[in-house]
Amino acid sequence: MRHTVIPFGPQHPVLPEPIHLQLTIREERVIEARPALGFVHRGLERLVESRDIAQMVQVVERVCGICSMIHAHCFCMGVEALLGIEAPPRAQVLRVMWSELHRVQSHLLWLGLFADCLGFESLFMQFWRIRERILDLSEATAGNRVIVSVNVIGGVRRDPDDAQLAWMSAEIDRIEEDLRRLEPATLDDPTVRRRTVGKGVLSRAQAWELGAVGPTARASGIAEDIRLTKYAAYGRLYFEPVVETDGDSHARLRVRFREALASLDLVRRAIRLLPAGEVRLKLKEPPAPHGETVVRVEQPRGELVYYLKGSGEKRLDRVRIRTPTFANLPALLVMLPGVSLSDVPVVTLSIDPCISCTER
Amino acid sequence: MQEATRAITLESLLAEVARLKAEGWRFVTLTASELDAERLELLYHFDRELRLQHLRAAVAKTAEVPSISPVFFAAALVENEVQDLFGLRFTGLLLDFRGRLYLEEESPMPPFCRRGREAEAPRGGGGSEAPGGESCATR
Amino acid sequence: MDVRVCGILVVVLAPFAGAALCGILGRSPSGRRAVVLTTGGVVMLAALSLLGEVPFRLEIPAVLHAPLEIAFFAADAVLLAAFLYIGAKYRHAAILVLSFLQAAGLLVFKGFLARSAGPPGGVVCDALALLLVLIVSVVGSLICFQALPYMDNHERHYRVSPSRQPRFFAILLLFLGAMNGFVLFNDLGSLYVFFELTTLCSFLLIGHDRTHVAVKNALRALWMNSVGGLAFALGMIEAYRSAGTLDLAQALAAPRLEGDAIYFVALALFGLACLVKSAQFPFQGWLLGAMVAPTPVSALLHSSTMVKIGVYFLLRLAPGFPGTFLGQALALAGAFGFLAAAALAVGQSNGKKVLAYSTISNLGLMFACIGVNTGSALLAATLLLTFHAVLKAMLFLSVGAIEQHIESRDIEDMRGLYAAMPLTAMITLAGVVMMIFPPFGVLLGKWMAIEAAARHLPAVVMIALGSALTVLYWARWAGTLLSDPLGTRFHAERQPLLTWLALGSLCLGTAALSVAAPWLVEGGMASIGQPADETAYTVVRGGLESASGSFAVLPLSLAAACGLLLSALALRRASRARPVPPYLSGLQTGEAAVFRGPMQQPVRVAARNYYLDTLFGEERLNPWVNFGGAILLTLILGGVL
Amino acid sequence: MRALRRFIDRMRAKSPWLLHFDCGSCNGCDIEILACLTPLYDVERFGVVHQGNPLHADLLVASGTVNPRNRKVLENLYAQMPAPKVVVAVGACGLSGGVFRDAYNVVGGIDRVIPVDVYVPGCPPRPEAIIDGVVLGLQKIARGGEGR
Amino acid sequence: MFELAPVILRNLLRGPATRRYPLVTREPFPRARGEIENEISRCTLCGLCARRCPARCLEVEPQSGRWRWDPFVCVYCGVCVETCPAHSLRQKETGRRPATSRETVLLQGEPRRRGGGARPAPPPDAPARERP
Amino acid sequence: MTAGALFVIVALAAGLGIGVISAGFDRILTARLQSRVGPPLLQPVYDVVKLALKEPLIVNAWQAFCACTTLAAAILAWVLFFLQSDLLLVFFVQAVGAVFLVVGALAAASPYSHIGAHRELLQMLAYEPLLILVFIGMYLETGSFRLEALFAWPKPLLLRLPFLFLVLAFALIVKMRKSPFDLSSCHHAHQELVRGVLTDYSGPLLALAEVAHWFEVALILGLFTLFWPDGGVGRFLLPVAAWLGVIAVDNLTSRANWRWMLGCAWGLGLGLAIVNLVWIR
């Protein structure tokens, strides 16, 4: 009877992206959440019809601006697998370096937005201030701040020199120092804890059944990380997934914060590991792969799946992208009923939704 | 594809999926692609301890596919997507957007079926009849 | 006969006569109408005619002593017999036992103790009594007037046939007489009769609709009030035992020596009777149940007059309280009632229940003031009593009018009432504003109450909390009335003339009385309950000033009027500006408050108020407040022993 | 009178409240717009405040491709803003649909739906460019006064 | 509750980190991807850039000698620059300025005659703006 | 008469000045704490002038009535404070403003306004009893509710009412709509309620509400001056200290929810107040 119905989004200050939730609440307690998508749907999977494989790289980079590097990485890996080629070792390590840089950037972005949705504006500003320096690293080495656009079929387009790499290592150290300074406020502040501990709890079994991936799953105790499949150069970097078992928003916060630190470390070690050599295979002719493949990489938000199908032409037959947010949305829908309205942004952001990924 | 792929039929779909679930496989996603003017290919992807397994089924565009969302709720969204983009009808969806997940009336329908436009007519049950508001409910 | 005698006779006897006439002529609508209007008008005029005369005391001529005594005794007997009959008819043990105890006590009292009770105490008409007479006669009559069209509607709606209105109006008029009798007579024995008579009226009127719930609630009201009746009877006996007289004025004036004057025990028993009659915790149940009655009944008996008996009587007894433990306990109980009822009101969406809790809450505040018992506290209680009576009557009548129009008394259903019944909505809104805002009378009273209770720490903390809760439930209601009337132009909706008469005069009357409050205080209110030597407040430049504070009534009223004018101009200008839909995340459609939801379906925004029933719901709070009320009651009764 | 008018226009230009709507962007532009608010760029220096509410906004900063579903939202938001108002389209998608402009569910740039006052090219544009765009928009407010 | 206190105190004492952008401009990073420039005199109008462009923002008309670039569609990925066989395309390190109206860049090069032949001196055409 | 009018004008100017400076410095200081530059000091003025001159958009015409009443009440409360009237009276008048803001928000059919309005009511529920108890404390100490007498009180009240000072600071946080109690609306609209109670006030109406807010903040800051006798620097320093504390807390905490706020107010706040009251009695 006494239910309030709220249109939450598509335009809403705490949602950076347009998604609509029709929330039925009773005195701030959410009773039902009905989602509506489609505000960002562009239909880019069908652009394979008009773009050749090399051009598709630029398209998939723009599936999502926050993890564009990783989309392109995944796509290129898939095409390379179809073609039966492999990028040169230096390119493999560079891809890892930029991917991890991207992950840090994405996690910092999320940490900032999350702080902001808690109403902790000053913390938001601090995270984004640090994030700017990651973006500087990207711009200096890859040419762009956000959509770094370095992947090509058979390698990467940029090759940072030693001076740049040394500067990067030093900068990473300073960034880590700055980030660690924010750790107490982010993880231990009682007001933050009050807003996150026990909010949006997802048990391990639920997380598995609902197909949650990435930090959302890892915060519920599922130690799954696609990087463990040792794609690209991950096999050569010792790496352990960050896992928490509480399954609440605070656990997801912890996972992402620690992952950001871990990724900084991975960047540093990738730089140290960097072999000399070519970064890009010279392809004799435009790639025209045949066959189908499923490739997976670990995005900042979790498992990213590409299904590619080619029939020996320079345009692919089908590209299908399953992004991590798409996999995490069912979990969100299950978590929302029962939380209070003020925690809706917290729980929603805690899966780090990326709608442009989801809808493509 | 390098991983295990098994061809199945629509009749055995639910049983297969249930079996995989019991064996601890996680539902990853469903991929639809167009085979020819009449048929679509459905590929169900599953993961267990970082290994993949796929189920492959070829279905007629006019077929009614049983939804696996009662087994894996996670599949509801992707089945809706396929319903939107390929005009394939899923039955027993726990969360049914009736072809309005992504698309509006003015969008081209169904956008991913480009071979043989005759598959256009029955659009996921949503186009002609007025979609009832109540069917879109989370479980 | 002079004006005094005439006035007194009319205000007490005319209603009885009217009631009798109503029984005879009431069959025809026009006859009923004529009787009610005439009686009301006559009583109103008679009460007003007493204005310049107070204070005075009339002795009853000796020839009438014996007949009166017999009459009152007979009335007692009839009333108690009636109660016993009701108890037997409905097999209600509590009513039977309580009535039997009263009957037994009275028999013992009349038979053995009060053989030589002396002449009846006569009639005392001081400022307090006159105030009550005016409220009963003027407000009461207005309510009776509005009841005429209301009951027609009511019976039409419930298809009552044959009409039961003659009985209804007879009881209503009878009640007016009983009330006036209670406040004017000075003899505890007669007071008891009138006290029980109001109980009976209340019972009959609550059960008027004869539905299952109505009968159940009427019985509850009866048994709870019988507790009060028993307490009153015992108090009377005890007072007679200690003071040796039934004359209230004499008993109060008697030297206060231990065991010698009307003191602790009697006072405590009277206190209990008053708390019950005013539905304080844990006896709030009967008043809430009484809300099933037709709304004029709620307005007359259960908010503006009958429940004020408690406050009135304690105000009369006030000189007995200072410095006693009883006063402290009463202050605590009152403040507790104020807070608890306000909290419970927050949890209600039923408009009449909110009004009922608000009534209990305000009565609690008055009790608290009487308990604090300083000059300004008693003045605060008097002011609250006056303004609450007028204003709450108006609010009840508005809700009644609204209820008959929208067929619901739920606040949620009053959403956007401004579009449907603009004038009634405005009057209700004005009522709410006058309930919680300066410079109006209720707030003036509350201001005085806080200033007076400031040294009584537990009480003032509860009052502070209760005030905030009060603002919450009223503001919520006010906002709901105005919700979403976009594009409607102001027009007065159709209502019977008598309804407008009652609503309009009560509304304007409250405003006028509020502005005139300083002079009301100066003109006699300040003396109520107090020996007139202490003047807590002086009127300075249209405001009230005391040693510790000041309340600029007139300047504030002027400022409020200016503000109202400016705001009204802003409203006019705004009505011509470009209308836009409210913020709906960019999904608004052409229709107001409808957005495009999932699957592109139109979804209506259903914005609902908070009632916070996890905090303030009855289920949650009732055990606590009843427990608290019981503890405080025990404190009042036990403290004296 | 003229002086007053100039004063008013100056006030308007000094207090642009910003509403950001992401039509169907890849987030690249959105995070760069958000980055403008953060310490290194701090557009609050110009009085810019990020408002989530069209009823309070002067400046609509829109990014991303328009599709049939979000075009209605965009129209609604624009209609709900009080005049004078300025629209800044940010990024290739917002200007024309960018790399996605021939995808089936893309209507085109922002100016297909509402009038755009300032175009900020880039994919995504750097925050500096967005600041430039906002400043251009402010000049438009200060010059126009009336808006549309 | 005071976990962030050291950080905000530090911020207060150290002063703002803000780059006061219009007043202070930072040097762009080397090889940052900015505006596309075509040195039309070197352009052979081969059209490879247009064919490779993922955003389809380039149009080359060899017959009329027109090279048209739509900066509002361009995603500044630099693929055209990488593929340009004549090395006439260049990517600046600074981005394109915002504009208040639609604009395209139209450069007039030497029309390519069928059968080829020696090219005369290029016409020194400045970039022209065109409004639709 | 002219003297009186002049006095009122001075009062208005003072209120505006305090409100603007408080709001302006607040934004600058907050920016500095976040290592930003921040807007110019007079930014609140620019904002309000701009808002006042925007196209009036009306969601519900009653909002105009309510916004106007809110401002009138806020000004009246401030003027009464300035005229050294009764403390409780000042409080009651300011409550009028707060309530009408809520009523206006309830009049709009947007759930955001609605929920904002209810949260604003809950905030009033949190701070109103506290304010009353602060006044009670002052009365118990000085024997008067008259501001006249309170201003002239020769001893520093702070020494006798330290907890009540904290309680008043708590109320200031709520009144200034600062984190953790910026539940019903906050200055930066990164909130689940958009701008809560202010969501559907637009243009000139928002300007009215904004100016009213200046006066309300000025009033509460003014109350802090009562804690120190005339002539001491404390009279100026105490409000500044409280204000600084509020800004600091704003930057150190995330937003609470209403249950927590009510718990804080009715648990901690009330507890502190009662302890102080019992102590001085």
Side-chain angles (χ1 to χ4, degrees), chain D residues 26 28-29 32 35-46 61 65 86-103 106 108-112 115-140 143-144, chain E residues 4 7-8 10-12 14-29 31-37 50 52-59 68-80 91-105 129-132:
Chain D
C26 72
C29 299
E32 293 293 55
C36 291
L37 303 168
T38 58
L40 257 62
Y41 302 98
D42 188 31
V43 280
E44 205 188 351
R45 286 178 292 147
F46 311 112
V61 178
T65 57
V86 163
V87 179
V88 179
V90 171
C93 298
L95 302 188
S96 61
V99 71
F100 305 116
R101 64 183 165 151
D102 45 354
V106 170
I110 307 290
D111 55 3
R112 287 286 181 88
V116 170
D117 299 283
V118 179
Y119 299 85
V120 183
C123 185
R126 292 186 175 78
E128 284 93 344
I130 297 172
I131 294 177
D132 285 340
V134 168
V135 169
L136 261 184
L138 294 187
Q139 287 167 4
K140 196 146 186 167
R143 241 183 297 120
Chain E
L4 200 64
V7 177
I8 62 171
R10 217 175 123 100
N11 290 340
L12 185 65
R14 293 208 170 171
T18 310
R19 291 196 289 264
R20 306 186 187 226
Y21 164 63
L23 306 174
V24 183
T25 338
R26 187 164 68 142
E27 273 302 303
F29 286 100
R31 296 185 70 200
R33 295 198 184 102
E35 209 176 333
I36 306 289
E37 275 184 330
R52 286 287 168 85
C53 176
R56 311 267 164 92
C57 68
L58 292 163
E59 266 176 55
R68 190 197 304 258
W69 170 57
D70 189 340
F72 285 6
V73 180
C74 183
V75 296
Y76 303 88
C77 60
V79 166
C80 52
Q91 190 160 23
K92 293 206 316 196
E93 283 161 355
T94 50
R96 197 175 165 82
R97 310 276 305 175
T100 51
S101 58
R102 266 201 177 281
E103 44 188 40
T104 47
V105 174
R129 283 186 171 178
E130 187 185 69
R131 282 178 196 185

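The chains referred to below are lettered A, B, ... by the order of the sequence lines, with proteins before strands, and numbering in each begins at 1. Since this is a predicted model, take the numbers as computed values, not measurements.
Within 6.0 Å of CZ on E/Arg56 lie more than 12 heavy atoms contributed by other residues, nucleotides or ligands.
No side-chain heavy atom of D/Pro125 sits less than 4.5 Å from a side-chain heavy atom of E/Tyr76. The side-chain heavy atoms of D/Arg45 and E/Pro22, taken from C-beta on, include a pair separated by under 4.5 Å. Side-chain contact between D/Arg126 and E/Pro28: absent, with no pair of heavy atoms (C-beta onward) separated by less than 4.5 Å.
Ion pair D/Asp42/E/Arg20 not flagged as a salt bridge, since none of the NZ, NE, NH1 or NH2 atoms sits closer than 4.0 Å to an Asp/Glu carboxylate oxygen.
Contact tally against chain D (heavy-atom pairs below 4.5 Å) for E/Asp70, E/Val75, E/Asn11, E/Thr25: the top residue is E/Val75. In terms of heavy-atom pairs under 4.5 Å with chain E, the best-connected choice from D/Val118, D/Asp132, D/Thr38, D/Val99 is D/Asp132. Interface summary for chain D: among E/Ala99, E/Pro71, E/Cys74, E/Cys77, the most heavy-atom pairs under 4.5 angstrom belong to E/Ala99.
Between D/Tyr41 and E/Tyr21, the ring centre distance reaches or exceeds 6.0 Å.
Heavy atoms closer than 4.5 Å to chain D are found in the backbone of E/Cys57, but not in its side chain. When heavy atoms are compared at a cutoff of 4.5 Å, D/Leu40 approaches chain E by way of both its backbone and its side chain.
Listed here is the closest heavy atom pair of D/Pro121 and E/Pro98: CD-CA, 3.8 Å.
No donor-acceptor distance shorter than 3.5 angstrom exists from the side chain of E/Arg97 to the backbone of D/Val120, with no hydrogens or angles considered. Checking side-chain atoms of E/Thr100 against main-chain N and O of D/Asp117 turns up no donor-acceptor pair under 3.5 Å.
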